[in-house]
Asker: 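Would you mind keeping the following structure in view while I ask a few things?
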Amino acid sequence: MVAAYLLDTTDNSGDIEGICAHYDYHDIQSDEAVYGKGAKKGLPEDDEVFFAHLARKIKAIQWLTPKLEKELRDKKQMDLYRDMEAPISSILAEMEITGITVDANRLNKMKDEFAQRLNDIEEKIFDQAGERFNINSPKQLGHILFEKMELPVIKKTKTGYSTAVDVLEQLKDQSPMVEDILQYRQIAKIQSTYVEGLLKVILQDGKVHTRYLQTLTQTGRLSSVDPNLQNIPIRLEEGRKIRQAFVPRKQDWVIYSSDYSQIELRVLAHVSKDEHLQEAFNKNQDIHASTAMRVFDISQPEDVTPNIRRQAKAVNFGIVYGISDFGLSQNLGISRKEAKNYIDTYFERYPGVKQYMNDSVAQAKEKGYAETLYKRRRYLESINSSNFNLRSFAERTAINSPIQGSAADILKIAMIELDKQLKEKQFKASMLLQVHDELVFEVPQDELETLDQLVKGVMEKAVELDVPLITESSWGKTWYDAK
DNA sequence: GCGATCAGCAA
DNA sequence: TGGCGTGCTGATCGC
């Protein structure tokens with residue numbers, strides 16, 4: 001599965017059957033056909049059916065192996081497979097099995113507190129609306145806001161009125177109720193997805209055991225499910241408190257976290273060779289402020305206001321994630337024209353980046369795929385499409401995938417080296433989580449100093465780029481306190 | 001019970 | 001020349 005994923009991320013449905021079909025091997029059924037799906041999923045009643053399926057899978061894997069190996073060699077991806085994806089697979093399994101301890105008492109207290117607050121806000125909203133309705137239903141909420149109260153309709157969805165946060169933000173001054181709805185939404189999200197969601201998946205060992213999907217994303221990133229531990233809140237204080245429930249498995253241990261600072265932009269500085277971007281990182285400047293100065297033509301650092309820096313940050317965000325001028329305009333609440341202007345200016349002021357982007361697109365058009373520093377491929381079917389939208393998307397993808405994908409490669413390399421060292425040096429600490437540019441560990445107090453040295457050293461020296469790789473580390477009694 | 005839709009979280 | 005970075009989860013709603 002991992003080999004097939006490296007060869008082509010798209011034809012990988014997460015099932016051997018799909019891969020077999022690709023190679024015209026049909027003596028196999030999909031897992032779904034045998035085990036069912038949804039609520040009916042389970043082992044077949046007839047053992048023979050079950051065993052026959054397993055046997056056919058083994059046979060299929062044997063048949064596939066030499067073919068996949070040959071293709072890996074032809075595509076020069078054998079190293080990527082052998083030295084990166086195969087070892088990472090075992091490390092992820094260990095992390096999943098280890099799990100992370102979650103303080104259910106803490107979550108239960110939060111649950112009560114949030115339930116009380118949701119109740120209060122709910123009553124307040126009903127009071128102002130003059131009727132009771134389901135605030136969680138965008139349809140009912142839209143009816144109240146845009147029909148009963150006749151607030152201006154700012155945006156529509158396919159099926160009705162949009163009640164998304166950016167819309168509500170604009171309606172705030174029209175009615176005090178809107179603020180309450182925003183407040184309600186914020187807490188309801190934390191309550192249902194995180195407090196209740198996490199409580200449901202704590203096992204007898206007091207831990208949650210996420211599963212990392214290694215063969216899913218088109219860029220080489222991991223994803224995390226059941227539960228997803230890669231999107232635990234952090235930006236807003238209310239949500240951030242969820243992290244207080246993530247604790248070490250023993251008293252006197254701590255949660256230690258280390259993350260790469262701006263790894264994607266550093267990768268971009270490296271692959272593009274852009275003089276200005278490299279200079280900013282080599283001088284360890286505040287990259288968003290530095291971008292602000294170039295894009296908005298500011299000569300003195302002290303003239304970069306927080307708002308201007310925020311805009312520059314959004315531009316950098318757009319570069320890293322491959323968003324369109326429309327996406328940037330939505331992020332910043334500006335017109336598409338202005339957004340396009342920002343992007344054009346960015347390219348003007350970072351000519352190396354522009355050159356890199358042109359080259360990436362040209363190469364993708366020629367080869368039909370984009371690739372990372374470590375030969376991870378992403379095929380781009382629509383790169384030569386006559387459909388503007390499809391083509392534009394593929395072009396942004398051609399630019400963005402090597403950046404995001406190479407960053408993912410680098411963290412995987414660091415994880416492999418760290419895992420090796422932790423074992424060799426017999427650390428008691430365990431690696432628990434990977435969150436795209438961050439690694440989270442639990443560690444005894446007396447090992448903390450050595451672990452910090454090790455993690456920092458390994459992550460920063462995982463690969464050598466034209467610009468330094470910098471990490472920021474922190475620790476505390478809970479994941480919240482590791483900040 | 002299931003799938004589509006909307007909404008919102010993270011890097 | 002028209003929809004708009006990805007992936008995951010939860011609530012609602014209609015079938």
Side-chain angles (χ1 to χ4, degrees), chain A residues 9 36-41 133-142 155-168 181-182 184-198 200-201 210-213 216-236 238-240 242-243 257 259-265 314 316-331 336 339-340 378 385-401 403-405 407-408 411 433-440:
Chain A
T9 53
K37 61 173 174 174
K40 283 182 294 195
K41 185 168 176 178
F133 65 100
N134 189 339
I135 307 168
N136 292 316
S137 162
K139 194 179 166 191
Q140 294 183 36
L141 179 60
K155 198 167 73 174
K156 294 194 121 189
T157 65
K158 264 185 278 184
T159 56
Y161 310 112
S162 168
T163 67
V165 64
D166 56 305
V167 170
L168 297 187
I181 291 166
L182 285 166
Y184 179 91
R185 278 259 180 87
Q186 196 201 328
I187 298 171
K189 173 76 182 181
I190 302 168
Q191 181 78 316
S192 64
T193 306
Y194 298 104
V195 178
E196 292 169 352
L198 281 170
K200 274 182 215 159
V201 292
T210 187
R211 286 188 302 127
Y212 291 101
L213 305 189
L216 184 120
T217 71
Q218 299 303 304
T219 56
R221 274 190 172 188
L222 303 174
S223 77
S224 157
V225 294
D226 304 329
N228 180 359
L229 294 183
Q230 291 180 324
N231 74 341
I232 302 300
I234 188 163
R235 292 175 197 175
L236 300 176
E238 297 278 24
R240 190 176 195 150
I242 292 292
R243 293 174 178 238
S257 162
D259 64 276
Y260 280 118
S261 160
Q262 300 299 339
I263 187 166
E264 284 99 348
L265 289 174
N316 281 329
F317 178 89
I319 303 276
V320 166
Y321 288 115
I323 66 174
S324 60
D325 53 2
F326 179 86
L328 180 63
S329 75
Q330 291 293 298
N331 271 349
R336 213 177 106 180
K340 187 173 180 311
R378 178 171 184 178
S385 166
S386 56
N387 180 314
F388 177 85
N389 292 324
L390 288 178
R391 192 178 63 248
S392 299
F393 180 66
E395 288 175 358
R396 294 200 304 276
T397 307
I399 294 163
N400 152 261
S401 298
I403 301 172
Q404 204 183 113
L411 186 53
L433 304 174
Q434 191 256 39
V435 194
H436 308 307
D437 69 353
E438 174 191 12
L439 295 174
V440 178

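Numbered from 1 within each chain, the chains take letters A, B, ... in sequence-line order.
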Asker: Base, sugar-phosphate or nothing for Thr163(A)? Non-hydrogen atoms, less than 4.0 Å.
Answerer: sugar-phosphate
Asker: Between dA10(B) and dG5(C), how far apart are the C1' atoms? Round to whole Å, please.
Answerer: 13 Å
Asker: Of all residues at least two apart in sequence or in a different chain, which pass the salt bridge (charged side-chain N to carboxylate O under 4.0 Å, His left out) check with Asp325(A)?
Answerer: Arg336(A)
Asker: Taking salt bridge (charged side-chain N to carboxylate O under 4.0 Å, His left out) as the test, write out the residues that go with Lys340(A), two or more places apart.
Answerer: Asp344(A)
Asker: How would you label the contact of Lys37(A) with the nucleic acid (heavy atoms, under 4.0 Å): base, sugar-phosphate, or nothing?
Answerer: sugar-phosphate
Asker: Taking the minimum atom-to-atom distance to the side chain of Ser162(A), which one of dG1(B), dA7(B), dA11(B) wins?
Answerer: dA7(B)
Asker: Is Arg235(A) side chain donor-acceptor paired with the dG8(B) base, going by distance under 3.5 Å alone?
Answerer: no
Asker: How does protein contact run along nucleotides 9-15 of chain C, one letter per nucleotide 5' to 3', with B for base contact, S for sugar-phosphate only, - for none, heavy atoms under 4.0 Å?
Answerer: SSSSSS-
Asker: Return no unless some side-chain N or O of Ser324(A) is found under 4.0 Å from OP1 or OP2 of dG5(C).
Answerer: yes
Asker: Where the side chain of Val165(A) is defined as all heavy atoms beyond and including C-beta, which of dA10(B), dC6(B), dG8(B) is the nearest nucleotide?
Answerer: dG8(B)
Asker: Roughly how far apart, to the nearest Å, are dT1(C) and dG8(B) at atom P?
Answerer: 32 Å
Asker: Do the side chains of Glu395(A) and Arg391(A) get close enough for a salt bridge, i.e. N-O under 4.0 angstrom?
Answerer: yes
Asker: With the side chain of Arg185(A) defined as its heavy atoms from C-beta on, choose the nearest nucleotide among dA11(B), dG5(C), dA7(B).
Answerer: dA7(B)
Asker: Using a cut-off of 4.0 Å on non-hydrogen atoms, how would the nucleic acid contact of Arg336(A) be classed: base, sugar-phosphate, or nothing?
Answerer: base
Asker: Grab the CZ-C1' distance between Phe393(A) and dG3(C) for me, whole Å please.
Answerer: 11 Å
Asker: With a 3.5 Å cut-off and heavy atoms only, can you find an N or O donor on one side and an acceptor on the other between the side chain of Arg221(A) and the base of dA10(B)?
Answerer: no
Asker: Whole angstroms only, please: what is the CZ-C1' distance between Phe317(A) and dC9(B)?
Answerer: 12 Å
Asker: Could you tell me the separation between the CD atom of Gln186(A) and the P atom of dC9(B), rounded to a whole number of Å?
Answerer: 7 Å
Asker: Would you list the pairs meeting salt bridge (Lys or Arg N to Asp or Glu O under 4.0 Å) in which at least one residue belongs to residues 219-231 of chain A, sequence neighbours left out?
Answerer: Arg211(A)-Asp226(A), Arg221(A)-Glu264(A)
Asker: Please identify each residue that fulfils side-chain contact (heavy atoms from CB on, under 4.5 Å) with Pro138(A), with sequence neighbours left out.
Answerer: Thr163(A)
Asker: Grab the NZ-P distance between Lys40(A) and dG1(B) for me, whole Å please.
Answerer: 10 Å
Asker: What's the CG-P distance between Asn331(A) and dC9(B), to the nearest Å?
Answerer: 14 Å
Asker: If I take atom CG in residue Leu213(A) and atom P in nucleotide dT6(C), what distance separates them, rounded to the nearest angstrom?
Answerer: 17 Å
Asker: Rounded to the nearest Å, what distance is computed from the CD atom of residue Glu438(A) to the P atom of nucleotide dA11(B)?
Answerer: 7 Å
Asker: Would you check, one step at a time, whether the test side chain to side chain contact (heavy atoms under 4.5 Å, CB included) holds for Leu141(A) with Ile181(A)?
Answerer: CA-CA 9 Å; Leu141(A) 179 60; Ile181(A) 291 166; 3.5 Å; yes
Asker: What residues, two or more places apart in sequence or in another chain, satisfy ring pair (Phe, Tyr, Trp, His ring centres under 6.0 Å) together with Phe317(A)?
Answerer: Tyr321(A)
Asker: So, Ser162(A) versus Thr157(A): side-chain donor-acceptor pair below 3.5 Å or not?
Answerer: no
Asker: Examine dC6(B): is either OP1 or OP2 under 4.0 Å from a nitrogen or oxygen in the side chain of Thr159(A)? Give yes or no.
Answerer: yes
Asker: In whole angstroms, how far is the P atom of dG3(B) from the NZ atom of Lys158(A)?
Answerer: 17 Å
